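Notes to accompany the following structure.
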Amino acid sequence: MTETVRTRFAPSPTGFPHVGNIRTALFAWLFARHHKGSFVVRIEDTDVARTVTGAVEAILEGLRWLNLDWDEGPETEGKYGPYFQSQRLALYKEAAERLVAQGNAYYCYCSPERLEAMRAEQARRKQPPGYDRMCRRLTADECARKNSEGLTPVVRFKTPLEGKTAYHDVIWGDVSFENNTIDDFVLLKSDGYPTYHLANVVDDHAMEITHVIRAEEWISSTPRHLMLYRALGYAPPQFAHLPMILGPDRVKLSKRHGAVSLIEYRDQGYLPEAMFNFLTLLGWSLDDKTEIMTREQIIQNFSLERISKTAAVFNLEKLNWMNGSYIRSLSADEFMRRAMPFLEKGLPPEIKRPLDSDYVHRMMPLAQERARTLVEVPGLVDFFFVSELQYEPVLLIDKKMTREASLQALEAAHQKLSALPSFENDSLEGVLRPLAEELGLKAGQLFGTLRVAVTGRTVAPPLFQTMVVIGRGLCMERIGIAIEKLRRLAG
RNA sequence: GGCGCAUUCGUCUAGCGGUUUAGGACGCCGCCCUCUCAAGGCGGAGAUCACCGGUUCGAAUCCGGUAUGCGCUACCA
């Protein structure tokens, strides 16, 4: 390949980006980076009615979160700008008029009502829907008269009535369509905005895009685009259609699948590098075993040839696993830095802020080993902060133990621990294990009772480490409270 | 209805005519480690490669048909 690769991500701001959209961006970005080419972001805001405020910001935010930097696009200079189609209207108008002048397109004055009635009739007769080409034969005079009546036309493309249009898709191979199955589609709408088809072709050419990497649902539109390239006298780029991403119900991922907005994953405590890695594996693979890869490794090995053709179901369970794996691979400091906002936000409001950074620092490794997402962190460590533990006293009585035995165990532990010269992992173990034996208990029974006394729960990080972090003072206090609870518990 | 594409364990996938009794991962189950959990280690169940024909000495891999699914079929992208 001698020319410099230029790919683009061309979202329409009609909604917040979901993982499917962003996977498309990711692959286009990867291909550009692999070939040391350029990645362009172009906002296709040609549907005024469906434009959602804040969508552009959300799209850019999503790209930034995954660290998919663009060489040209919004907020970035570039010699092919502007990068909002709403600011390039003259270009499309010019192209449309040129096509009309060349005899490749024509003005259509059909009202929405007529088109709707036409489609209803076609449906009734079980005929394929499509524009009936009524205005195709309008003369210049007739057009002028309609114009003088105040009608604003759309511009439609004169699709060849016969023959076929074929192309070679980088991913799907040879694809071909009969021209007579394609109707005279609209190029320019009556509001002066272009349709996707026109704007896309004009811009991909103007911006010298070499590889159009987009979702599979565009395959059937590609012949239209090819016809336009030809009519406009442009050399078409390479097309690579990506397999779709499906929801659990095997239908194309969309808003109704719940938490599919990319930014929601960030807010749920997923790491961008985990999401990056995971999304990469949806439709692409390096080999038969490698799954966890660095971004550099992926860039270096990425290729369109290894993209599969089958749609992929988004598997949240696997993302969770991968995210946990990435969390555990973080350095302790980095984990703390990332988890802190979630901790500040997720801990009960009555806990005073700011949190004691030193205290947090000591408990974080305990959470890092267990969290699959950052949002789980507060729930993993909240007992370190809570001033009064809430739990059922019966939990203090471990399996195969009586209330008396538990009470005795707690009292003995309280005494031993307060006499301990140092409150460290080894010293705790050194006194607690023998104590279990003295009491005729299994270590697990004693530790279980102590765990509930100290953390208020039966499942928590290892007891000694937890106690060391909590500190002797609080531990003694909590064990004291546990003893009280047991005493009050009717025997 | 028309057109297009796809079809390997529940899910993500490897496989591009013989090396496959189809490999890996998630999830699931069991064991080990172990104070609970998590992590980690080991092992297991799980796919007659949608189906039916054909080509070939030999097919998950090539060809045809059927079924199913999905996409497109807007003055939406």
Side-chain angles (χ1 to χ4, degrees), chain A residues 10-15 44-47 49-50 108 110-112 115-116 119 122-123 125-131 152-156 169 172-173 175-178 180-183 185-191 193-197 199-200 215-223 241 243-244 246 248 250-252 278 281-292 306 308-322 324-325 328 366-372 380 398 429 432-433 436 442-452 455 457-464:
Chain A
S12 70
T14 52
E44 310 221 322
D45 51 351
T46 56
D47 187 343
R50 289 204 314 152
C108 168
C110 292
S111 67
L115 294 175
E116 201 178 317
R119 271 192 287 271
Q122 285 165 340
R125 291 199 196 161
K126 293 200 191 298
Q127 286 177 332
Y131 181 56
T152 23
V154 301
V155 175
R156 284 185 186 272
D169 195 289
W172 304 74
V175 183
S176 114
F177 292 82
E178 294 289 340
N180 63 20
T181 62
I182 303 168
D183 74 346
F185 55 98
V186 173
L187 298 175
L188 208 60
K189 302 182 250 184
S190 56
D191 64 0
Y193 279 76
T195 59
Y196 173 87
H197 305 300
N200 200 256
E216 179 190 336
E217 66 220 57
W218 292 106
I219 288 181
S220 344
S221 307
T222 306
H241 289 95
M244 286 181 305
L246 274 24
R250 303 209 124 263
V251 172
K252 181 168 93 166
F278 180 75
L281 258 16
L282 243 38
W284 178 84
S285 61
L286 172 60
D287 55 28
D288 59 343
K289 47 186 68 99
T290 315
E291 303 226 84
I292 304 266
R306 289 197 63 84
S308 81
K309 285 194 268 287
T310 58
V313 172
F314 187 84
N315 186 185
L316 188 64
E317 284 296 335
K318 188 153 182 173
L319 205 214
N320 286 337
W321 162 77
M322 189 171 281
S325 169
R328 274 170 261 120
L366 268 21
Q368 183 173 7
E369 186 70 17
R370 290 163 179 76
R372 294 203 301 175
L380 252 17
D398 205 87
E429 181 152 21
L432 258 17
R433 278 194 192 280
K442 285 186 177 171
Q445 292 178 305
L446 203 218
F447 297 172
T449 295
L450 278 171
R451 171 172 294 109
V452 173
T455 69
R457 48 172 87 172
T458 54
V459 171
L463 183 63
F464 309 138

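Each chain gets a letter, A, B and so on, in the order its sequence line appears, and its residues count up from 1. These values consider heavy atoms only, across backbone and side chains, with no hydrogens, waters or symmetry-generated copies. Keep in mind it's a predicted model, so treat the numbers as computed, not measured.
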Looking at [X], I'd like to know whether one of its side-chain N or O atoms comes within less than 4.0 Å of OP1 or OP2 on [N].
X       : N      : result
R125(A) : G1(B)  : no
K189(A) : C76(B) : yes
S285(A) : A14(B) : yes

Sugar-phosphate only, base, or nothing, as touched by Y196(A) at under 4.0 Å among non-hydrogen atoms: base
Touch class at under 4.0 angstrom, heavy-atom based, for L281(A) against every strand present: sugar-phosphate
By nearest atom, which of the nucleotides [options] is closest to the [X] side chain?
X       : options                : result
V175(A) : A6(B), G4(B), C75(B)   : G4(B)
E217(A) : C3(B), G24(B), G71(B)  : G71(B)
D288(A) : A14(B), A77(B), G24(B) : A14(B)
V313(A) : U11(B), C76(B), U13(B) : U11(B)
R451(A) : C70(B), A77(B), U36(B) : U36(B)
T310(A) : A6(B), C3(B), G24(B)   : A6(B)
F177(A) : A14(B), G4(B), C70(B)  : G4(B)
K318(A) : C12(B), C35(B), G2(B)  : C12(B)
P129(A) : A14(B), U11(B), A74(B) : A74(B)
F464(A) : C75(B), G24(B), C35(B) : C35(B)

In whole Å, measure the gap between the [atom1] atoms of [N] and [M] for me.
N      : M      : atom1 : value
G10(B) : C28(B) : C1'   : 10 Å
G23(B) : G1(B)  : P     : 41 Å
C9(B)  : A22(B) : P     : 14 Å
A6(B)  : U13(B) : P     : 15 Å
U66(B) : A47(B) : P     : 29 Å

W218(A) and Y196(A) aromatic ring geometry - parallel, tilted or perpendicular at 30°/60° bounds: parallel
Residue whose nearest RNA chain B nucleotide is more 5′ - P112(A) or Q445(A): Q445(A)
Residue closer to the 5' end of RNA chain B, T458(A) versus E178(A) (nearest nucleotide): E178(A)
Polar-atom pairs under 3.5 Å, protein N or O versus N or O of nucleotides 38-49 of chain B: list them with distances, or write none.
| unit_1 | atom_1 | unit_2 | atom_2 | d |
| --- | --- | --- | --- | --- |
| A38(B) | O2' | E369(A) | O | 2.8 |
| A39(B) | O4' | E369(A) | OE2 | 3.4 |
| A39(B) | O3' | R328(A) | NH1 | 3.2 |
| A39(B) | O2' | E369(A) | OE2 | 3.2 |

Nearest 0.5 Å, what's the [atom1]-[atom2] distance between [X] and [Y]?
X       : Y       : atom1 : atom2 : value
L319(A) : F314(A) : CG    : CZ    : 4.5 Å
L282(A) : M244(A) : CG    : CE    : 12.5 Å
R451(A) : T458(A) : CZ    : OG1   : 8.5 Å

Results of side-chain contact (heavy atoms from CB on, under 4.5 Å) for T310(A) - residues two or more places apart only: S308(A)
Base paired to C33(B) (Watson-Crick or G-U; both N/O distances under 3.5 angstrom): none
Complementary nucleotide for C5(B) - Watson-Crick or wobble, under 3.5 Å: G69(B)
Side-chain donor/acceptor of T14(A) to base of C76(B), under 3.5 Å: no
